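One structure is given below, encoded as structure tokens.
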Amino acid sequence: MVMEEDTANAIVGRLNFYSKKHFVMSQRLKSVGFWSSEFIRERGLDGNNIIGISGQQLNTEIELEARKGFQIYAETAKAKTEDLWKEVFLCHERLNCQKAAMRSLRLARNYSTSDHERLVYEGWILYDTGNHEEALSKAGESISIQRSFEAFFLKAYALADSSLDPESSKYVIQLLEEALRCPSDGLRKGQALNNLGSVYVDCEKLDLAADCYMSALEIKHTRAHQGLARVHHLKNQRKAAYDEMTKLIEKARNNASAYEKRSEYCDRDMAKSDLSMATQLDPLRTYPYRHRAAVLMDDHKEVEAIKELTRVIAFKPDLQLLHLRAAFYDSMGDNGSTLRDCEAALCLDPNHKGTIELYKRIRQGGHTSNGEIYCATNSQAALQDTSDRIRFCWEQSPGNPRDRDRDDIQEAETPLRTLPPCSCHLQKAAAKNDITALAASSALCALNNSDKKLPYPYNYSEEYVSRTVGRSYPSHKGCGLEVLLPWCMEHKLCGVKSLLRQDFVLFSLAVLKAMALEITQFLLAAQSPDANIRTQAEASLRQFQEQNLPLFLLSLAVELANNVKPLESRRLAGIVLKNSLDAKDSVRKEHLVQQWMTIEISIKSQIKDSLLRTLGSSASEARHTSAQVIAKVASIEIPRKQWPELIGSLLNNMTQQDSPAALKQATLETLGYVCEVISHQDLVQDEVNSVLTAVVQGMNLAEHSHEVRLAATKALYNALDFAQTNFDNEMERNYIMKVVCETAISKEADIRQAAFECLVSIASTYYEVLEPYMQTLFQLTSNAVKGDEESVALQAIEFWSSICDEEIELQEYGTVEGGDSGSAHSRFIEKALPYLVPLLLDTMLKQEDQDQDDSIWNVSMAGGTCLGLVARTVGDSIVKLVMPFVEGNILKPDWHCREAATYAFGSILEGPSVETLRPLVTNGLDFLLNAMRDENNNVKDTTAWTLSRIFEFLHCPASGFSVISQEKLERIVAVLLESINDAPNVAEKVCGAIYYLAQGYEDAGTSSSHLTQHIPRIISELLKTAERTDGSDFKLRTSAYETLNEVVRSSNVVETSLIILELLKSILHKLGQTLELQIVSSDDREKQGDLQASLCAVIQVIIQKLSSTDETKPSILQAADPIMFLFLRVFACRSSTVHEEAMLAIGALAHASGPEFEKYMPELYKYLEMGLQNFEEYEVCAITVGVIGDICRALEDKVLPYCDGIMNHLVCNLQSAELNRSVKPPIFSCFGDIALAIGEQFSKYIEPTVAMMRSAAEVCAQMDNSDEELMDYGNQLKRSIFEAYSGILQGFKDSKPELMLPHAGHLFQFIELVFREKYRYLVFFHFFASAASFPFTLSLSLTHTHTQTLHLFVHI
């Protein structure tokens, strides 16, 4: 039954103009009566989603039915488990349903029951979204947990896609072989064998490839026939290749691609038959048309060849097809048609070299003879895929999708049109106009001539708000789809050419809506698994953003608000909108803020209205995203006293009786986010009262759903900072505390957790008013710790940790953070001590049975941490409460008891006095050393940690006390060096123990000699430990090298200089070896960089140690050449981590070498410049600035030849808005170093330098001191300005002190500014030296006020 004509026309009319292939396809299908009402009803197709249906899908009914049946099975079985969704995913992959496969993949991840499987699913998801390196990392993590087929397969797949050079091919083969050794089903084994065969083909190992394909065929992997056919073809066995493809055709249901591929292995007539069958099975495959056209041209049938190409171009206006037809027309002498096809091709790719050359030649009157065209088209092979490499997998597997039937690129989606380079389409004046202004005019004209309503769920006023400059040309009748194609082009839907309009800027709400229509397809395409489609869509979105940011942001907001739009496009719209308003980098963030502030108010209002409307969306993800974006806008506007109606609008959602629960939940979430990003000073008290009222009422159990109460509780957490006045009011405070405590015993665990998070915040913020509630709070937290879920218990323990933090601060500084001096110390911990300590000790017995991971936070670790804070708070009082627990559990056979006892003892080592702890540690040290041989890994881990705590707090010979006698040192070292070979987690803790053991002997005089005899063994074991490969995440290696550095620092340099020199040789050798490593992946690059960084850090410590005495300094100077040679090679690796560590080591070498360092400057200087220009990795830039200061102090006036370049870079860096601000204070300090080094030669730089310092001083004067982070930065800036003045004054004082006379007034104004500040002592200490260096001539220029200021300053 054929669908009615008007319904078909309606569907066609809704098609997106950019999907030209689907538009033409739909017209063709409609014309032959293909769309039956049954077909549409069964598939739920309409004008919106028909675009997503490809010709392949329309033509394969069996696979569609299979997909439908599988989905029904998944839904009716209701077995939403990991295995089921994994099978659904694999089925969708086989059916080439990428979006459905991705959904199933995410469900499989969500329902996975083990970490290694979850990591694999996350790796596929990352790979599918283009994050190949992250996917490799996930695969590696999974393999480290458990070796599985899926993990090895993922790693092989991702690596093969990113690189397939000979070295990486070998690694891919190893990975696939490992995968095949792991258990899996036949389907996946077949895929792995097929992929392995493809890699062997790439490596030209054809016999091995054939074996793999044969093995795949044995387990019914039919697509292996295609790979085997290629092997036969490469062996010049065309008949065997043809027969192999025939087998595939006989077995495959969807065999259009198989016919197409078989045509490559037969003669012309047979190929023609195969390609005709391929077209019959799938009319939308382009290769058969191109092949037939080439054959016709070979036979001199130009007209027929043109017709064949025209057939395929009618449904796929591909760049290569258009270029080929243009060449055909050129060979026929049809210049007009050649130009037309060239211009169409250049719309798709303005930079296509061959088309540009042909176009220019024809425009200049050139012509290609008939003979010349055959150079490009004389054989079928010229149009076939000539790539030597078969893609890694013939099936659709996770990742950027390949054409499952062919390897050629011609089947990819048509690129989006861009503005062609030909001037004949654009008048010069129009070309200068904003492209979106032209588009707005086209859309406006279309709307003026259309009575149709736009498909939006809300209505804008249709009154146009325009701002006209000059004049606009008369409108034309058109379809309005030329919105983003403002150059002259005939539209297929309406047949009307769009006109160019110039000299105007015209905006209207209706126009903006019309333009937003087109962004959906770009957002969906930007999430396509196909890298080409994704890249083109991202480029189009970026172009839209750059050309008209206001319209871009409004389009995103409209997309997010539109319930009709796909959830995928709405999600991405929200993410892009949020990232267009905020960034982690402070410079980038400020840039985005300024961009937003320049947008016209009317457009910003529409964006904000759309966001507020989205809070009522039926899609929870859209509501959540909108809440975040509203908060980002609020963080910009509310501090500037803009958007004053926001709070009122949100509160109105809460007070309206008919507001749905979803709207209230989203509103509360928004309030929470807003309170998180603004300051309490940004709201007046009435607004604060209203927000708190709405939030606290939202927590009411009787009135609201679980989602609303959870959102309200989380919102209260963020709003507590605003409630100072409310907590000062006893009645209001009582009510808030009552509601929070009641919420803490809710039935829902997530709400209880959120309520305890509020209590933690209250403990930190309002400690001084907690006295009346502590009995209740202890009962609540005690019950939660004893019997609630872990997430709730962790917050209950955190409450007491926060109380400890506040009381420690009171004891150390006499005030809590943010409180007044003399704040009351309520001694809550001391009062609760008899009840709190046993509670915490019980938690320490709740360890997990598997080996403990320090990165996993659990109740046991939280309890031990809190116990340590309690010990710091109450001191000696805790010992008598903990030691019975230690003594009662330390000998029990249950490892949980032994570990808990050891953990408890180690936790109380900081806080109690040395006198109280000394006898306990002295008596227990032997026991702990014996416990390092305990049978349980967790006990040894905790024992090693406890020993490190003993050495850290009770071993300091330099201060005159230590629990370690010389006799015990021998056994301690022996036990530690034995245990360092234990499991990686134990070895890491042992490294920490050795670190603090060695640190105790630093600056210990003769006592440091006690360690000397053990240093060779310690160094040897640490180097061996650093070479171990069983440590995860390089933590063990890093710990070993850091410990090695401390051993070198703490050693007696006179006694150990020869040992350290031998160590230097070893480290230099290791560093040289890292430069020869084979790098085949990003993991390899990361490992190389981390290792080089550690080795450079060791070299730096050795240089500093050996250059610290005159006796040992010559030895380091002799090694300077090979050291610098290696450092310069390391710089070539371009790793930021290595760059930092190598730079620091060079600074140490410069300090040691003095003026002799000059010989390295010609080679080093280019790397210094690179470091100064590295804005992205700003830490590298900051360290480079510091090293330049070291070099200046070492070379003194010998640095002069490089000063022009250095000063130019430093001044440019100060002027840059892109460079992170933390780098700028060191630059001012560096000015002082340079001036001190070159003396009077600095005079040519004095004007720009002082100008920069004056600007920085003005910034300091205007800073908001209420912002603690900003205040710290301001103090750094002031100190660095003083350091710059100090260096300049001292550099000039012996030659040209008068150069500073014109700047004396500013200097003393700056001193006055700092003098009047509350925390001036933080800055002035850095200027004492320069005060003594003021030259006499400078003092003569001081006014009476300046002199008084200086006298007061010196008096301080």
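These numbers come from the heavy atoms of this one structure, side chains and all, not from hydrogens, waters or symmetry mates. None of the values given here were measured: they were computed from a predicted structure.
- Under the 3.5 Å distance criterion, the side-chain polar atoms of S263 are left unmatched by any main-chain donor or acceptor of A271.
- For the pair E308 and R311, the salt-bridge criterion is met [side-chain N within less than 4.0 Å of a carboxylate O].
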So V201 and Y213, side chain to side chain contact (heavy atoms under 4.5 Å, CB included) or not? Walk me through it.
CA-CA 11 Å; V201 169; Y213 290 129; 4.1 Å; yes

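- Under the 4.5 Å side-chain criterion, counting only non-hydrogen atoms from C-beta, R1037 is in contact with D1090.
- Contact of the E568 side chain with the L572 side chain is not registered, since no non-hydrogen atoms from C-beta on lie closer than 4.5 Å.
- Q226 contributes no side-chain N or O that, together with a main-chain N or O of A258, makes up a donor-acceptor pair within less than 3.5 Å.
- In this structure, the side chain of T279 engages the main chain of L275 through a donor-acceptor pair within 3.5 Å.
- When atom types are taken as modelled, the side chain of S198 and the backbone of N194 share a donor-acceptor pair closer than 3.5 angstrom.
- Taking both residues in full, the closest heavy atoms of H225 and M245 are given as O-SD, 4.4 Å, listed atom of the first, atom of the second, then distance.
- The shortest non-hydrogen separation linking D1030 to P984 is O-CG, 3.4 Å.
- To the nearest 0.5 Å, the span separating CZ on F153 from CG on L196 amounts to 10.5 Å.
- Atoms SG and NZ, from C212 and K205 in turn, are 11.0 Å apart once rounded to the nearest 0.5 Å.
- Contact record, L217 with E244: CD1-OE2, 4.0 Å, taken as the closest heavy-atom pair.
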- prompt: So K189 and S215, side chain to side chain contact (heavy atoms under 4.5 Å, CB included) or not? Walk me through it.
  reply: CA-CA 9 Å; K189 291 270 187 178; S215 299; over 6 Å; no

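- For the pair E250 and T246, the minimum side-chain heavy-atom distance is below 4.5 Å.
- Between Y200 and V231, the closest side-chain pair of non-hydrogen atoms is not below 4.5 Å.
- Taking CZ of R223 as the reference point, atom CD of Q191 lies at 12.5 Å (rounded to 0.5 Å).
- Looking at K239 and D243, a side-chain N of the basic residue comes within less than 4.0 Å of a carboxylate O on the acidic one, giving a salt bridge.
- Distance alone, capped at 3.5 Å, is enough to place a donor-acceptor pair between the R534 side chain and the S528 backbone.
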Review point. Side chain to side chain contact (heavy atoms under 4.5 Å, CB included) between E117 and E150: does it pass, once the steps are laid out?
Key: CA-CA 8 Å; E117 290 171 336; E150 295 295 341; over 6 Å; no

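- In this structure, V295 and K272 have side chains that are not in contact, with every pair of non-hydrogen atoms separated by 4.5 Å or more.
- Proximity of Y265 to Q237: side-chain heavy atoms (C-beta onward) are nowhere separated by under 4.5 Å.
- Note that CG of L228 is 10.0 Å distant from CG of D211, once rounded to the nearest 0.5 Å.
- Contact of the Q320 side chain with the R290 side chain is not registered, since no non-hydrogen atoms from C-beta on lie closer than 4.5 Å.
- Summarising the geometry of C266 relative to D274, their closest heavy-atom pair is SG-OD2, 4.2 Å, with the distance given to 0.1 Å.
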Stepwise side chain to side chain contact (heavy atoms under 4.5 Å, CB included) check, Y127 with K138: CA-CA 10 Å; Y127 179 82; K138 291 288 183 182; over 6 Å; no

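- Between the side chain of Y259 and the backbone N or O of S276 there is no donor-acceptor pair closer than 3.5 Å.
- Closest approach of R1028 and L1036 over heavy atoms only: NE-CD2, 3.8 Å.
- Looking only at side-chain heavy atoms (C-beta outward), D1084 and Y171 stay at 4.5 Å or farther from each other.
- Atom-to-atom distance recorded for Y289:OH and L309:CG is 11.5 Å, nearest 0.5 angstrom.
- For K235, the NZ atom counts as densely surrounded, since its 6.0 Å shell holds more than 12 non-hydrogen atoms of other residues, nucleotides or ligands.
- In plain terms, the two heavy atoms of L193 and I219 that are nearest each other are CD1-CD1, 4.0 Å.
- Formation of a donor-acceptor pair under 3.5 Å by the S273 side chain with backbone atoms of M270 is not found in this model.
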Run the numbers on D1083 and K1087 for salt bridge (Lys or Arg N to Asp or Glu O under 4.0 Å), then give the verdict. CA-CA 6 Å; D1083 283 346; K1087 290 176 183 177; over 6 Å; no

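- Between the CD atom in E141 and the NZ atom in K155 there is a gap of 10.5 Å [rounded to 0.5 Å].
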